[in-house]
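Note sheet for the following structure.
Chain letters run A, B, ... following the sequence lines, proteins first, then strands; residues in each count from 1.
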Amino acid sequence: MNFNIIEKKWQKYWEDHETFKAQNGGEKPPYYVLVEFPYPSGAGLHVGHVRSYTAQDAIARMKRMQGYNVLFPMGWDAFGAPAEEYAIKNHIHPKEAVTKNISTFKKQMQTLGFSFDWSREFSTTDPEYYKWTQWQFLQFYKHGMAYKATIPVNWCPRCKSVLSNEDAAGGVCERCGIQVVQKEKSQWMLKMASYAEDLLEGLHDTNFAEKVKLGQINWIGKSKGVELDVDIVGGGKFSVFTTCIETIYGITFFVIAPDGKLIKELLPRVENKEEALQYIEETKKKSNMDRTELNKGKTGCLLKGIEAIHPITKKHVPVFLGDFVLGDYGTGAVMAVPSHDERDFEYAKEHHIEMIQVIDGKDTKDHAYEKQDYLGVGAKLINSQEFTGLTVEEAKEKITKKLVDMGIAREVNNYKMRDWIFSRQRFWGEPIPMIYCEKCGWVPMDEKDLPLLLPDVAEYEPTDDGESPLAKIKDWVNTTCPHCGGKARRETDTMPNWAGSSWYFLRFMDPHNQEEFASMDAMKYWGKVDWYNGGMEHTARHLLYARFWVQFLYNIGLVPHKEMIWTRVSHGMVLGSNNEKMSKSKGNVINPDDVVNEFSADILRVYEMFMGDYEQDAPWNTDSLKGCKRFIDKIIRLKEKVVEGSTYSHDLETIIHKTIKKVEQDTLNLGFNTAISSLMILANTYEEKETITKEDYHVLLTLLNPYAPHITEELNEQIGYSPICESSWPKYDEEKTIDQEITIGVQVNGKLRGEIVTSKDEEKDSILEKALNNEKVKQFLEGKEIVKTIVIPNRIVNIVIK
RNA sequence: GCCCAUGUGGCGGAAUAGGUAGACGCACAGGACUUAAAAUCCUGCGGGCUUAAUCACCCAUGCCGGUUCAAGUCCGGCCGUGGGCACCA
């Protein structure tokens, strides 16, 4: 049997018959299966792609047979630095590289038989697509959600570009892995931080996997606390944010961020201005990474002439600069309680500041007694005036109330998540459709002039001065102001590659719409994405950006739901056979094309589904792949046993109904490996028989079809059935999934001593009688007193003796 | 340090609500078929102890405890591995 020819044959059949084309509308209920569209790299499709695409393909194929109108689209996320770097290295235009890569990817996907609706294909780099990305940016701008700000940003010296906080997690460039540095630049920003609470709340309206939800919750990083005003001796005041207001009596100093706004205001009053300025300069030089890595001691600088007044005791306490306080979190200033915060403790030691323990229960000579240790254990306050003796929980509440009543504090929430830095100094991205006019300032382009096309140029290398390569293209940059008609310049930064992927799933619902990014009708028809599969690494980035983007569109009335993604799941990686991540340098890369050539697409698909728990990483194992070939060969051989018959063989009925149920449920619960295993069991059962009916064979082929679509269609055709892709999914009868005879274990004092055969739902008394009469069990009961018997029909018998 | 995940044979991994641990597959060993190989088929395959071989028994889901008639599964405490975050007040 030539797998190659068969696979081509059926791929052509599907194409000719437009089998997988989804219609917007109709009788059938809609079902949207989505898998992250890939970045079409030069390396081609990875076996890891095959794993998740096959999984979603199996769901899509099964759902179609179950009578759903399934949307299973595919496209290309093709903007971004890798394409640009590839292009620079090979001296071709990124557009050409992308076109070539897309065609390779598409061919590979088609070879594997994924049931994508190719009529909806697009790339984020298509002007007809990025026109709408730009249009949506203008909506952000027009609703006050996009602004330009000069801020210290993460700058990657190698990529020569600004990175978002999400892209620079851990202080290193996400792509090239080198340390990022801080640089002041004027950037477009999207006000994502203002959506922090909505993004948290919205998670309740999703069915994301728990770990995905947690990933987002952690990234958003909400803390509840109190913002407290602190007066300065001689007038003026500042605020601090704290989550531990119960320690207020332990304040012995305050620390403010050297990179924050506050110090700029206070500086004129600082007596040791020179020293302070020097410290600020030093801080600026350190990147975020250094600041955390140094971690050696707590550097800082006392601000002479600035003394704070303790809000309750009215004592005067010193104020310091310290780089462990971040300028862009909270208020950029903290109240320091060295007895109850390790950082404050270290700082106090370093700078010889007094400490006051205010929570009893642990010695604070060597270390602070921190909140994670004193909360929830009934710890009580000391040295805290009228609050002494209260538990920390009571004190938290009462102190807050007192301060709020005094009018010097507010309960607030703070979030780690910041606004989205939306500018990149790169060529290969969506141009930001903004124009700068000396007279009018930043002016948005007229919507009817979109798309703002990327110019065709010869030079797209990034520049050392931190400007986008677009800045060099004078006739593109120079334009007229849409407002006053005067001379103006275009924004030369481009969007991050997360922009295009933030709304592509909406476009798939209505991909050829010329008037809108997608019609409200189409989006209402399809509703939320039913299944969205993607990598865990996108949890804090793509998925968060996409949700933010959708929530914004919802708030301005352009999408029907605040959350457009219902279930989000993620797959484990396919590792090399040495259990390490596949990489060229390790020489453990498996190319799916080779596997298809040597085995077949179906075998590769079945293997990747069978290789292990879908959500866990799994190493590649060629031997195991051969086992899957044996399974497919067995399926083929079974055809020789087929005889006429339009019903299931009587003795196979139970196992067939059981298998239908199992495959159906497992396929929808990410249990792909156990679905395949139950099909193996069914095939093994068939093999033991002399003959099987056509119907027996047909049902096996149908159940296997979502996983191995080509060979099953071929065999099914050979026994004279019409194509599986046009048939319906078999139904199981719950009654028939249950064995009439069940063998159960008999335990004596919890240890298995024998087995008995019972009929389904047999009476307890009758089961017990059988158990007591079991020869082996009898031996253990001899001369003993039966204290208790437990009989669970269909499951177990346990006899307790003394 | 904090958060998450995870720990079951030689290996990948099974085990709805606690109910016969090791499904299914791989590898390995022995055998059949073959001139031979491949393919296929049959048998065995956690450890220990016994035995001529069986039968039987004992131990076993990272470690230590607990709850229960019964624990891979529930609870408490440790240890290991992988990942994420990390001076976030």
Side-chain angles (χ1 to χ4, degrees), chain A residues 169-171 210-212 214-215 217-219 221-223 225-226 240-244 247 254-255 257 288 291-295 298 322-326 328-337 340-344 346-347 370-372 414-418 536-537 539-540 572-573 579 607 610-613 615-631 633-634 637 662 665 669 671 673-681 683-684 687 743-756 776 779 787-792 794-801:
Chain A
E210 254 343 278
K211 61 177 175 178
V212 173
L214 265 167
I217 290 168
N218 288 341
W219 188 265
K222 177 177 182 173
S223 0
V226 173
V240 295
F241 173 72
T242 180
T243 56
C244 307
T247 62
F254 290 90
V255 188
N288 269 347
R291 278 167 75 168
T292 52
E293 253 196 355
L294 282 177
N295 206 16
K298 293 280 182 283
D323 67 9
F324 76 91
V325 179
L326 307 173
D328 61 350
Y329 180 78
T331 60
V334 299
M335 59 181 231
V337 184
H340 301 289
D341 182 289
E342 194 63 29
R343 294 158 303 178
D344 299 347
E346 285 170 26
Y347 197 93
E370 294 193 280
K371 62 178 168 186
Q372 63 263 31
N414 257 305
Y415 305 89
K416 288 193 210 174
M417 189 178 73
R418 317 289 156 89
M536 266 317 275
E537 72 275 19
T539 300
M573 269 190 296
N579 242 310
Y607 168 62
F610 185 65
M611 72 195 308
D613 181 341
E615 294 182 276
Q616 302 290 326
D617 294 349
W620 185 266
N621 182 328
T622 303
D623 281 330
S624 201
L625 174 69
K626 285 178 193 156
C628 292
K629 175 174 164 45
R630 264 177 233 162
F631 169 57
D633 287 342
K634 186 180 285 181
R637 277 200 311 277
K662 178 128 183 87
Q665 291 184 347
N669 289 307
N673 53 340
T674 47
I676 302 277
S677 122
S678 71
L679 288 167
M680 287 173 171
I681 293 170
N684 291 346
E687 209 180 27
T743 304
I744 64 172
V746 180
Q747 299 176 333
V748 177
N749 281 354
K751 289 196 172 168
L752 183 71
R753 298 302 183 186
E755 278 183 347
I756 54 172
K776 280 171 73 181
Q779 293 171 19
V787 187
K788 191 176 179 183
T789 57
I790 294 109
V791 180
I792 316 283
N794 308 334
R795 288 209 171 269
I796 200 105
V797 176
N798 193 5
I799 300 164
V800 187
I801 57 170

Inset, instruction - Record whether the side chain of A/Asp623 comes under 3.5 Å of the base of B/C26 through a donor-acceptor pair of N or O atoms. - result: no

Inset, instruction - Quick one: do A/Asn579 and A/Asp617 satisfy side-chain contact (heavy atoms from CB on, under 4.5 Å)? Show the steps, please. - result: CA-CA 9 Å; A/Asn579 242 310; A/Asp617 294 349; over 6 Å; no

Inset, instruction - Could you check whether A/Asn414 gets within reach of a base, just the sugar-phosphate, or nothing at all, counting any heavy atom under 4.0 Å? - result: nothing

Inset, instruction - Find the partner of B/U50: check Watson-Crick (N1-N3 plus N6-O4 or O6-N4) and G-U wobble (N1-O2, O6-N3) distances, both under 3.5 Å, and reply none if neither fits. - result: none

Legend entry - Proximity to the side chain of A/Thr243 - top-ranked nucleotide from B/A56, B/C87, B/A89: B/A89

Inset, instruction - Under 4.0 Å between any heavy atoms, over every strand shown, what does A/Lys222 touch: base, sugar-phosphate, or nothing? Just pick one. - result: nothing

Legend entry - Salt bridge present between A/Arg637 and A/Asp633 (N-O < 4.0 angstrom): no

Inset, instruction - Send over the distance from A/Lys634 NZ to B/C24 C1', rounded to a whole Å. - result: 10 Å

Legend entry - A/Gln616 side chain, from C-beta outward: closest of B/U6, B/A89, B/U20: B/U6

Inset, instruction - Using the C1' atom as the reference point in each nucleotide, state the distance between B/C11 and B/C45 in Å, no decimals. - result: 13 Å

Inset, instruction - Could you check how far CH2 of A/Trp219 sits from P of B/C4, rounded to whole Å? - result: 18 Å

Inset, instruction - Indicate, with a heavy-atom threshold strictly under 4.0 Å, whether A/Glu687 touches base, sugar-phosphate, or nothing. - result: sugar-phosphate

Legend entry - P-based separation of B/A37 from B/G31 [nearest Å]: 12 Å

Inset, instruction - Without swapping roles, check the side chain of A/Asp344 against the backbone of A/Val337 for a donor-acceptor pair under 3.5 Å. - result: yes

Legend entry - Nucleotide nearest A/Ile792 when distance is taken to its side chain, options B/G19, B/C24, B/U40: B/G19

Legend entry - Any A/Thr539 side-chain heavy atom under 4.5 Å of A/Trp219 side chain: no

Legend entry - Length of the line joining A/Lys371:NZ and B/C87:C1', which is rounded to integer Å: 12 Å

Inset, instruction - Quick one: look up who B/A29 pairs with, Watson-Crick or G-U, both distances under 3.5 Å, and put none if it's unpaired. - result: B/U43

Inset, instruction - Look only at the side chain of A/Asn749 and the backbone of A/Ile801, and say whether a donor-acceptor pair between them is shorter than 3.5 Å. - result: yes

Legend entry - Assigned glycosidic conformation for B/G9 [threshold 90° from 0]: syn

Inset, instruction - Would you mind telling me which residue lines up with the more 5' stretch of RNA chain B, A/Ile681 or A/Asn673, judged by nearest nucleotide? - result: A/Asn673

Legend entry - Interatomic distance, A/Glu615 CD vs B/C4 C1' [rounded to whole Å]: 13 Å

Legend entry - A/Lys211, nearest nucleotide to its side chain (from B/U40, B/G13, B/C4): B/C4

Inset, instruction - Give a yes/no on whether any side-chain N or O of A/Arg630 is located under 4.0 angstrom from OP1 or OP2 of B/A27. - result: yes

Inset, instruction - Scan A/Lys751 against the nucleic acid and name what it touches under 4.0 Å (heavy atoms): base, sugar-phosphate only, or nothing. - result: sugar-phosphate

Inset, instruction - Can you figure out which of B/A23, B/A89, B/G19 approaches the side chain of A/Asn798 most closely? - result: B/G19

Legend entry - Contact under 4.0 Å: A/Ser223 side-chain N or O vs B/A89 OP1/OP2: yes

Inset, instruction - If the plane angle is over 60° it's perpendicular, under 30° parallel, otherwise tilted; pick one for A/Tyr329 and A/Phe241. - result: perpendicular

Inset, instruction - Could you work out the separation of B/C24 and B/A15 based on their P atoms and round it to a whole Å? - result: 13 Å

Legend entry - Separation between the P atoms of B/C57 and B/G62, rounded to whole Å: 25 Å

Inset, instruction - Kindly point out which of B/A15, B/G25, B/A89 is positioned nearest to the side chain of A/Ser624? - result: B/G25

Inset, instruction - Please tell me which of A/Lys416 and A/Val797 maps to the more 5' nucleotide of RNA chain B, matching each residue to the nucleotide holding its nearest heavy atom. - result: A/Val797

Legend entry - Donor-acceptor pair between A/Asn684 and A/Lys634 side chains, under 3.5 angstrom: yes

Legend entry - Nearest-0.5 Å distance, CD1 of residue A/Ile744 to CG of residue A/Leu752: 11.0 Å

Inset, instruction - Quote, to the nearest angstrom, the P distance that separates B/A56 from B/G44. - result: 15 Å

Legend entry - Spacing of A/Leu214 atom CG relative to B/C4 atom P, expressed in whole Å: 7 Å

Inset, instruction - Would you mind classifying the nucleic acid contact of A/Ile790 as base, sugar-phosphate or nothing, using non-hydrogen atoms under 4.0 angstrom? - result: base

Inset, instruction - Using atom CZ of A/Phe610 as one end and atom P of B/C11 as the other, report the distance to the nearest whole Å. - result: 17 Å

Inset, instruction - Have a look at A/Thr539 and say if it touches a base, only the backbone sugar-phosphate, or nothing, with a 4.0 Å heavy-atom cut-off. - result: nothing

Inset, instruction - Answer yes or no: does a side-chain N or O of A/Arg795 lie under 4.0 Å from OP1 or OP2 of B/A17? - result: no

Inset, instruction - Assess whether one donor atom and one acceptor atom, taken from the side chain of A/Lys298 and the base of B/C87, lie less than 3.5 Å apart. - result: yes

Legend entry - B/U61 pairs with, by Watson-Crick or G-U criteria that keep both distances under 3.5 Å: none

Legend entry - Whole-angstrom distance between B/A21 and B/G9, as gauged at atom C1': 11 Å

Inset, instruction - Can you measure from CG (A/Asn621) to NZ (A/Lys626) and round to the nearest 0.5 angstrom? - result: 9.0 Å

Inset, instruction - Output the single nucleotide from B/C69, B/U20, B/A89 whose closest atom is nearest the side chain of A/Glu755. - result: B/U20

Legend entry - C1' atoms of B/C75 and B/U67, separation to the nearest Å: 7 Å

Legend entry - Distance below 4.0 Å between A/Asn621 side-chain N/O and B/A27 OP1 or OP2: no

Inset, instruction - Output the single nucleotide from B/C87, B/C41, B/A14 whose closest atom is nearest the side chain of A/Phe324. - result: B/C87

Inset, instruction - Look at all strands and tell whether A/Gly627 reaches a base, only sugar-phosphate, or nothing, counting heavy atoms closer than 4.0 Å. - result: sugar-phosphate

Inset, instruction - Can you tell me the pairing partner of B/C85 across any strand shown, Watson-Crick or G-U wobble, with both distances under 3.5 angstrom? - result: B/G1

Inset, instruction - Rounded to the nearest angstrom, tell me the gap between atom CG in A/Asp613 and atom C1' in B/G82. - result: 15 Å

Inset, instruction - Please state how far atom CG in A/Asp633 lies from atom P in B/A38, giving the value in whole angstrom units. - result: 16 Å

Legend entry - Nearest-angstrom distance, P atom, B/G48 to B/A60: 15 Å

